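The structure appears right after this line, and notes come after that.
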2 protein chains.
Amino acid sequence: MDEQKEPLPRAEAEEYASWFKALADATRIQIVSLLARRREPMSVGEIVAVSGVGQSTVSHHLKILSEVRFVLVERQGTSSLYRINESCVSCFPTAADVVMGNPVPTAPVRD
Amino acid sequence: MDEQKEPLPRAEAEEYASWFKALADATRIQIVSLLARRREPMSVGEIVAVSGVGQSTVSHHLKILSEVRFVLVERQGTSSLYRINESCVSCFPTAADVVMGNPVPTAPVRD
DNA sequence: ATCGTCAATCGACGATATTCGATGAACGGG
DNA sequence: CCCGTTCATCGAATATCGTCGATTGACGAT
């Protein structure tokens, strides 16, 4: 019979974990919710000004967030404008996805 | 006007992060999905047998998962039986919650 | 009471992550 | 062409995390 004794394959578990890792830090949560409050894209400098952490730290977190395509970047002259990727927000896995064994969502590749 | 310039308060960001931290590890993802596949509660020994990591490691992860009430424990004689907390699965925050500034869900205190 | 089983805790170790300050590279303006 | 601004990257310090083996404690059976 289809007795599900095996654990979730490690590879899938890692993929799931990498999603949740992206939001598993308070500073990144702040950045994400900040970008969401402002409807328009924000430059790194603006984010630094209100987030209370150093510029290199903000840049680092933005890199992590953009690697999972949670935020999108658009370079404009000398500054980089970051904004939320709406389609990535909606495909973000839920705890129910994990529990029900749904396939791991893949971040949309388009920018 | 209500110009939302302030970042999300650090305390709330930390609460959000602690939720996502709970699922930010591949082994915990495996344990959670394992408990979900089996409908009935599982003992630590059973989980160890199929998860491929040591007993103390499993115990450690189960502790983390039960601290956010994602799993519930029921001690039975010499063994501990763990099971998924369904109501915690459904209240688990989504990325949309973060982005929309919803209040941080609190894990149900009942066991 | 003693032994064996089961699970939680402890201590330690290596691996990752977070943060910072400093440096560097790209760009626009005078 | 030089300078200031803006951001990414580097290197290092620190903190946190995941894992293990060993120990401890609780319980049941003999």
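Note that the structure is a prediction, hence the values are computed from the model and not measured. Lettering of chains follows the sequences in order, A, B, ..., and the numbering in each one begins at 1.
Contact annotation: A:Tyr82 reaches the phosphate of D:dA8 (side-chain N/O to OP1 or OP2, under 4.0 Å). The side chain of A:Arg28 contributes an N or O atom lying less than 4.0 Å from OP1 or OP2 of C:dT18. At the phosphate of D:dC7, neither OP1 nor OP2 sits under 4.0 Å from any side-chain N or O atom of A:Ser59. A close approach under 4.0 Å does not occur between any side-chain nitrogen or oxygen of B:His61 and OP1 or OP2 of D:dC17.
In this entry the distance linking CD1 of B:Ile64 with C1' of D:dG18 reads 8 Å, nearest Å. Taking atom CD on A:Gln76 and atom C1' on D:dT5, their separation rounds to 15 Å, with Å as the unit. Atom CG of A:Leu65 is separated from atom P of C:dT18 by 10 Å (rounded to the nearest Å). One can place CZ of B:Arg75 at 11 Å from C1' of D:dG25, the figure rounded to the nearest angstrom. Between the CE atom of B:Met42 and the P atom of C:dA7 there is a distance of 11 Å, rounded to whole Å. Atom CG of A:Asp25 is separated from atom C1' of C:dA17 by 9 Å (rounded to the nearest Å). The CD1-P distance, from A:Ile47 to D:dA8, rounds to 9 Å in whole Å. Atom CD1 in A:Ile31 sits roughly 9 Å away from atom P in C:dT19 (whole-Å rounding).
Comparing D:dG18, C:dC6, C:dA17 against the side chain of B:Thr78 picks out C:dC6 as the nearest. Across D:dG18, C:dA7, C:dT18, the shortest atom-to-atom separation from the side chain of B:His60 is found for D:dG18. The side chain of A:Lys63 lies closest to D:dT9, out of D:dC20, D:dT9, D:dA8. Ranking D:dT19, D:dA22, D:dT9 by closeness to the A:Ser56 side chain, first place goes to D:dT9. Of the listed nucleotides (D:dC7, C:dA17, C:dT18), C:dA17 has the atom at the smallest distance from the side chain of A:Lys21.
The backbone N or O of A:Pro9 lies less than 3.5 Å from no partner atom in the side chain of A:Glu12, so there is not a single donor-acceptor pair. Distance alone, capped at 3.5 Å, is enough to place a donor-acceptor pair between the B:Arg28 side chain and the B:Lys21 backbone.
If you check every strand for non-hydrogen atoms under 4.0 Å, A:Ser79 touches sugar and phosphate atoms only. Residue contacts shown for B:Ser80 are limited to sugar-phosphate atoms, with no base heavy atom under 4.0 Å away.
Closest approach of A:Ala95 and B:Val89 over heavy atoms only: CB-O, 3.7 Å. When all heavy atoms of B:Tyr16 and B:Pro93 are compared, the closest pair comes out as CE2-CB, 3.6 Å. Residue B:Ala13 comes nearest to A:Gln30 through the heavy atom pair CB-CG, 3.6 Å, listed as atom of the first residue, atom of the second, then distance.
No option in B:Leu65, B:Leu34, B:Val44 other than B:Val44 meets the side-chain contact (heavy atoms from CB on, under 4.5 Å) test with B:Tyr82.
Each of B:Gly77 and B:Val53 lies near DNA chain D, and the nucleotide nearest B:Val53 is the one positioned closer to the 5' end. When each of A:Ala24 and A:Gln55 is assigned the nucleotide of DNA chain C with its nearest heavy atom, A:Ala24 is the one assigned upstream, toward the 5' end.
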